[in-house]
There are 2 protein chains.
Amino acid sequence: MRAAMDIVAEDGFGAATTAAIADRTGLAEGTLYRHFKSKDALLIAAYRQLKADVFERVSAETGDSASVKDRARAMWLGMWNTYCHDLPAFTFGQRFGESALSRQEGGAAHERIMDHICSIIEDGQASGEIRNLQRDVLVAFFFPPLVSMLKQINQGKAWSDTEINAAIDAAWQAWAV
Amino acid sequence: MRAAMDIVAEDGFGAATTAAIADRTGLAEGTLYRHFKSKDALLIAAYRQLKADVFERVSAETGDSASVKDRARAMWLGMWNTYCHDLPAFTFGQRFGESALSRQEGGAAHERIMDHICSIIEDGQASGEIRNLQRDVLVAFFFPPLVSMLKQINQGKAWSDTEINAAIDAAWQAWAV
DNA sequence: GTCTATACAGGGATAGAC
DNA sequence: GTCTATCCCTGTATAGAC
C-alpha cells in the first residue's frame, strides 16, 4: 500500500501498475494477489487506511475542551501537519479522489473527518460565533484552501508560519459572524 | 476533444481510450491520428482550449470599471456560471489537473486566469480594501471554495442563490481588512 | 479525410512449484 | 508466503487502401 501511494504521488495513477508496485515492495507481482484480491482493492485499501490514519491524528489533537475557535485552529493545524509530514499520502489522496476508483470507494472513508469539522461548526453556530450558513458552504472555506496550500508545497512552495497563521485567520473570518 | 472531455468526466481518465473517444465521435480510431499526434496530445489540446475558453468568458464579464469588490464578485460568478453550464468540462479540468499529463502541460493554460485574479487582488491591496497577505494565500480562498462547491453539484447538490451569495460574501470576508 | 486491418507492447491476473 | 511462468486481453499507434 505504501509503495502504491508513493508511485501514484510521484507519477500518477497510470504509473501504478502491478509491476511497478511489486517492484518497489521487492515482492513478485503474483505475490500481491495473495494479499489483495485485485489492484483496485489494493488502492482502495490504501486510501481507506490513509483516511483512517488522518482521522485518528486529527481527532486526537482536537480536544473537546477548548473554545470553538481553538478547536477549528487545532483541526486545521492537525491536518496541515499530518499531511506535511507525508506529502505523498496527501497527493495520493487527491489523485484518488479524482480517479474512477473514488466512486467505487463510496466516500465513507472521508465521512468521519467531515463529521468532525461539522461538529465544530455546529457548536460555533450554537454559540453564535459562526454564521448561520449551510454547512457545506462553510466547509468549502476550510478544507479546500488548506488543500490548495498543501498542493503548492509539492510545487516547491515553502510557507512561513506567518502565512499559515494568516490562512487560519482568513478561514475564521470567512466563518465568523 | 469534446468526446474525450465527456468520457473523462463520466468515467475517469482510464476510460478515455482511443477506442472510446473514436466511438463517441463516430470516427474510426485511426482517424484520430490524422488530427492529433497522440492521445496525450489530444487531451492536452482539449485542456488548453478549455482553459482558454474559460479565460475568454471570465475576462469578458469582469469589467475594469467597477469596484474591486464588484470585480471579484463578477469573476466568481463568471467562473461559476461558465462551469455550471458545462460541468463535464469542469470535471475534466479537475481530473486533468491530477493526472500525469498535467506536468507535461506545464500549467501555462491556467496562468492567464491566475493573472486575472491577481490583478484584482493587487488593486484591492493598493486601495486598502484587501489584506496585505501573500497572493497565494488569498487566492486559496477564492478558487478552491468555488471549485469545491462546483464539485458537489456533480454529486447532486443544488445551490440556492442565497448560498451562492453567501459564498461570495464569505470569500470577501476572508480577503477584507 | 476517413476507413480497415494489423502490429506491438504492456497490464492484470492465475497456476502451480517451492 | 513467495516466486516463476504464462495466459489473455486491451490499448496505442501505424500502414495502406479508398
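Every heavy atom of this structure was used, including side-chain atoms; hydrogens, water molecules and symmetry mates were not. Sequence lines set the chain letters: A, B, ... in the order given, protein chains first and strands last, and positions in each chain run from 1.
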How many angstroms lie between atom SG of A/C84 and atom CD1 of A/I153, to the nearest 0.5 angstrom?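 Going from the SG atom of A/C84 to the CD1 atom of A/I153 covers 4.0 Å.
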
Canonical and wobble pairing (Watson-Crick, G-U, under 3.5 Å) of DNA chain C, dot-bracket with |: ||||||||||||||||||

Just the table, please: protein N/O against nucleotides 16-18 of chain C N/O, every pair under 3.5 Å.
| residue | atom | partner | partner atom | Å |
| --- | --- | --- | --- | --- |
| C/dG16 | O6 | A/R34 | NH2 | 3.2 |

B/M1 and B/L50: same hydrophobic cluster, using ILVMFWY side-chain contacts below 4.5 Å?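 No; tracing contacts between hydrophobic side chains, which count when under 4.5 Å, never links both residues.
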
Does A/L27 share a hydrophobic cluster with A/L42, counting links as ILVMFWY side-chain heavy atoms below 4.5 Å and allowing steps through other members?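 No.
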
Answer yes or no: does atom CD of A/Q49 have more than 12 heavy-atom neighbours from other residues, nucleotides or ligands under 6.0 Å?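 Open: at most 12 neighbouring heavy atoms sit under 6.0 Å from CD of A/Q49.
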
Any N/O pairs under 3.5 Å between the protein and nucleotides 5-9 of chain D? List them or say none.
none

Could you note down all residue pairs passing ring pair (Phe, Tyr, Trp, His ring centres under 6.0 Å) where residues 18-45 of chain B supplies at least one of them, sequence neighbours left out?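 Found none.
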
Among residues 36-43 of chain A, which residues get a heavy atom nearer than 4.0 Å to DNA chain C?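 Those residues whose heavy atoms fall under 4.0 Å from DNA chain C, taken from residues 36-43 of chain A in numerical order, are A/S38, A/K39.
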
What are the residues of residues 11-20 of chain A, sorted by number, that bring a heavy atom to within less than 4.0 Å of DNA chain C?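 Hits under 4.0 Å, by residue number: A/T17, A/T18.
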
Among pairs that include at least one residue of residues 110-119 of chain A, which meet side chain to side chain donor-acceptor pair (under 3.5 Å), considering only residues two or more places apart or in two chains?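 For residues 110-119 of chain A, and leaving out neighbouring residues, the side chain to side chain donor-acceptor pair (under 3.5 Å) pairs sorted by first residue read A/K51-A/H110.
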
Under the salt bridge (Lys or Arg N to Asp or Glu O under 4.0 Å) definition, can you give me all pairs with a residue in residues 79-92 of chain B, not counting sequence neighbours?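 For residues 79-92 of chain B: B/R2-B/D86.
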
Hey, could you give me each pair passing salt bridge (Lys or Arg N to Asp or Glu O under 4.0 Å) that has a residue in residues 123-151 of chain A? Not counting sequence neighbours.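 Qualifying pairs: A/R71-A/D123, A/E122-A/R135, A/R131-B/D169, A/D136-B/K157, A/K151-B/E98.
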
Regarding A/E61 and A/R73, does a basic nitrogen lie under 4.0 Å from an acidic carboxylate oxygen?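 No.
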
Taking only residues two or more places apart in sequence or in another chain, which ones pass ring pair (Phe, Tyr, Trp, His ring centres under 6.0 Å) with B/F90?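 Listed in chain order: B/Y83.
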
Once the angle between the rings of A/F96 and A/F92 is folded into 0 to 90°, is it parallel (under 30°), tilted (30 to 60°) or perpendicular (over 60°)?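 A/F96 and A/F92: tilted rings.
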
According to side chain to side chain donor-acceptor pair (under 3.5 Å), who are the partners of B/T62, at least two apart in sequence or on a separate chain?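 None.
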
List the residues meeting side chain to side chain donor-acceptor pair (under 3.5 Å) with A/S160, not counting sequence neighbours, and say none if there are none.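 With sequence neighbours excluded, A/S160 shows a side chain to side chain donor-acceptor pair (under 3.5 Å) to A/E163, given in chain and number order.
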
